[in-house]
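This structure is in structure tokens; I'll ask about it shortly.
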Amino acid sequence: MGLLLSRVVLARLRRSGLVSRWAVIRAAGGVVVVASTSVGAYAASLMLPLTPGTASFVHRAIAVLLLLCATVFAARLAAATVERYALRSDGSGMFGSIFLNITRLVVFVVGVLVILQTLGISITPLLTALGVGGLAVALALKDTLANLFSGIHLIAAKYIRGGDYVRMDSGEEGYVVDITWRHTSLRQLPDNLILVPNARLATAVLTNYHEPQRGLRVSVPVGVSHDSDLEVVERVTVEVAREVMREVPGGDPDFEPWGWFSAFGSSSIDFTVYLRASEFSHQYPIRHAFVKRLHARYRREGIEIPFPIQTLRWEGDGQAGDLLPPQRNDRRTRTP
């Protein structure tokens with residue numbers, strides 16, 4: 001019966017997609033065969049001519065197996081419930097394996113205590129010993145417990161969520177992958193993994209680039225010649241920025257880019273353009289496409305991006321204090 005339920009009934013439900021929605025069916029996978037075998041063994045023991053001692057031993061062993069099956073089933077069901085609730089309340093796709101592990105641990109501890117009580121072993125001295133020894137364990141595992149409670153605090157307070165791009169004041173940065181009982185996993189843009197202790201992350205000055213919204217404003221500095229028509233420069237630059245927002249993946253097509261002239265530089269008039277990326281990592285292809293398109297458009301429009309210029313005061317053979325005309329600091333090497 002167990003094989004029939006496991007390989008036929010549950011297999012069809014799995015193909016129909018109900019397993020992914022019903023946590024009870026998922027939790028029953030693999031437990032049905034053991035539980036059915038235990039029930040069959042108990043029914044057989046009632047019919048076989050066993051001695052009272054053998055029958056008592058068999059019944060206790062079957063009871064332990066059934067309790068183990070119930071414990072595994074309850075742990076899976078509780079973990080699935082926590083996962084479902086966390087996904088519904090968070091929506092980020094990360095619920096922190098720390099909560100799942102704690103849920104499973106609590107259920108297994110309760111199951112073991114029930115099994116011991118069923119076998120006639122008093123659990124009161126055991127609980128007393130655990131309570132006294134817990135103080136020594138807490139002192140020995142001070143750092144581990146600090147990381148554990150810091151991880152719980154990070155998830156409960158929702159300072160960071162799965163998929164958020166964060167940067168610590170010490171320089172570590174990356175996408176949040178998971179929060180375990182000891183550390184938080186950060187995936188860098190080059191796909192390297194950083195493991196940060198939870199206690200350190202909880203006390204760090206943290207910048208979350210996905211809060212309060214995932215979009216990111218991208219600023220690109222531009223410099224044009226002092227002889228340029230600034231009205232034309234502003235119009236052309238904003239037109240190129242709009243094209244980038246509409247055509248480059250990762251740009252925000254509803255965002256209206258703008259630019260501000262900021263200062264008279266030594267060799268150019270400084271201009272800052274503001275665009276918007278839908279995600280932290282999308283800012284790099286947006287910058288890349290904008291610089292390429294703006295450079296080509298400036299060439300067609302005749303807008304000059306100047307080289308650095310220096311004004312020299314000549315005090316040689318000529319009259320002291322004479323000024324030379326501005327000279328371009330354009331040092332180029334010929335390539336063979």
So do the side chains of Arg214 and Ser278 get within less than 4.5 Å of each other, counting heavy atoms only? no

Distance in Å, Thr237 OG1 paired with Phe290 CZ, rounded so as to fall on 0.5 Å steps: 6.0 Å

Looking at every heavy atom in both Ser228 and Val233, which two are closest together, and how far apart are they?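 Looks like CB-CG2, 3.8 Å.
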
Side-chain contact, heavy-atom cut-off 4.5 Å: Glu304 with Asp227? no

Could you tell me whether His288 atom NE2 has more than 12 heavy atoms of other residues or ligands within 6.0 Å of it?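 No, NE2 of His288 has 12 or fewer neighbouring heavy atoms, counting only those of other groups under 6.0 Å.
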
Which heavy-atom pair separates Thr272 from Ser262 by the least distance, and what is that distance?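 The pair with the smallest heavy-atom distance is OG1-OG, 4.3 Å.
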
Quick check on the hydrophobic clustering: are Val224 and Tyr274 connected, directly or via other members, by side-chain heavy-atom contacts under 4.5 Å? yes

Taking a hydrophobic cluster as the set of Ile, Leu, Val, Met, Phe, Trp and Tyr residues connected by side-chain heavy atoms closer than 4.5 Å, whether directly or through intermediates, do Trp260 and Val238 fall within one such cluster?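 No.
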
Show the atom names and distances, to 0.1 Å, of all donor-acceptor pairs under 3.5 Å that link a side chain in residues 193-204 to residues at least two apart or in another chain.
residue : atom : partner : partner atom : Å
Asn198  : OD1  : Thr184  : N            : 3.2
Asn198  : OD1  : Thr184  : OG1          : 2.7
Asn198  : ND2  : Asn147  : O            : 3.1
Asn198  : ND2  : Thr180  : O            : 3.0
Arg200  : NH2  : Ser170  : OG           : 3.3
Arg200  : NH2  : Glu172  : OE2          : 3.3
Thr203  : OG1  : Ala199  : O            : 3.1
Thr203  : OG1  : Arg200  : O            : 3.2

Nearest-0.5 Å distance, CG of residue Leu186 to CG of residue Asp164: 10.5 Å

Report yes or no: do Val64 and Leu67 belong to one cluster of Ile/Leu/Val/Met/Phe/Trp/Tyr joined by side chain heavy-atom distances under 4.5 Å? yes

Can you sort out the partners of Arg217 under salt bridge (Lys or Arg N to Asp or Glu O under 4.0 Å), two or more places apart, ordered by chain and number? none

Going by the rule ring pair (Phe, Tyr, Trp, His ring centres under 6.0 Å), which residues pair with Phe255 if we only count those two or more places apart in sequence or in a different chain?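 In terms of ring pair (Phe, Tyr, Trp, His ring centres under 6.0 Å), with neighbours along the sequence ignored, Phe255 is linked to Trp258.
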
Gap between atom OG of Ser150 and atom NE2 of His183 - 0.5 Å precision: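 It comes to 14.0 Å.
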
When you group the ILVMFWY residues by side-chain heavy-atom contacts below 4.5 Å and let the links chain together, are Val273 and Val236 in the same group?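 Yes; Val273 is reachable from Val236 via cluster members.
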
Side chains of Asp270 and Ser268, donor plus acceptor under 3.5 Å: yes

When you check the gap from the basic side-chain N to the acidic O, do Glu231 and Arg235 get nearer than 4.0 Å? no

List the atom pairs, with distances to 0.1 Å, where a side-chain N or O of residues 245-253 and a protein N or O form a donor-acceptor pair under 3.5 Å, not counting sequence neighbours.
residue : atom : partner : partner atom : Å
Glu247  : OE1  : Arg293  : NH1          : 2.7
Glu247  : OE1  : Arg293  : NH2          : 3.3
Asp252  : OD1  : Asp254  : N            : 3.2

What distance do Leu275 atom CG and His282 atom NE2 have between them, rounded to the nearest 0.5 Å?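 Rounded to the nearest 0.5 Å, the CG-NE2 separation comes out at 14.5 Å.
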
Same apolar cluster (I L V M F W Y, side chains within < 4.5 Å links), Ile303/Phe264: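 The answer is yes; both residues are in one hydrophobic cluster.
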
Could you list who else is in Tyr209's hydrophobic cluster, with ILVMFWY side chains joined at under 4.5 Å, directly or through other members? Tyr165, Tyr175, Leu189, Leu216, Phe280, Tyr284

With sequence neighbours excluded, what pairs up with Phe261 under the ring pair (Phe, Tyr, Trp, His ring centres under 6.0 Å) test?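 With sequence neighbours excluded, Phe261 shows a ring pair (Phe, Tyr, Trp, His ring centres under 6.0 Å) to Phe271, given in chain and number order.
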
Could you report the tightest heavy-atom contact between Pro306 and Gly223, atom names first, then the distance? CD-O, 3.8 Å

Less than 4.5 Å apart, side chain to side chain, heavy atoms only: is that true for Val240 and Tyr298?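 Val240 vs Tyr298: side chains apart.
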
With the side chain counted from C-beta on, respond yes when Leu66 and Val39 share a heavy-atom pair under 4.5 Å apart, and no when they do not. yes

Between CG on residue Leu230 and CD1 on residue Ile269, distance to nearest 0.5 Å: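 That separation rounds to 4.5 Å.
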
Could you check if a side-chain atom of Val72 sits within less than 4.5 angstrom of a side-chain atom of Leu68, using non-hydrogen atoms only?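 Counting from C-beta outward, Val72 and Leu68 never come under 4.5 Å.
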
Out of curiosity, Arg167 CZ to Asn208 CG, how far, rounded to the nearest 0.5 Å?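 Output value for this atom pair is 12.0 Å.
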
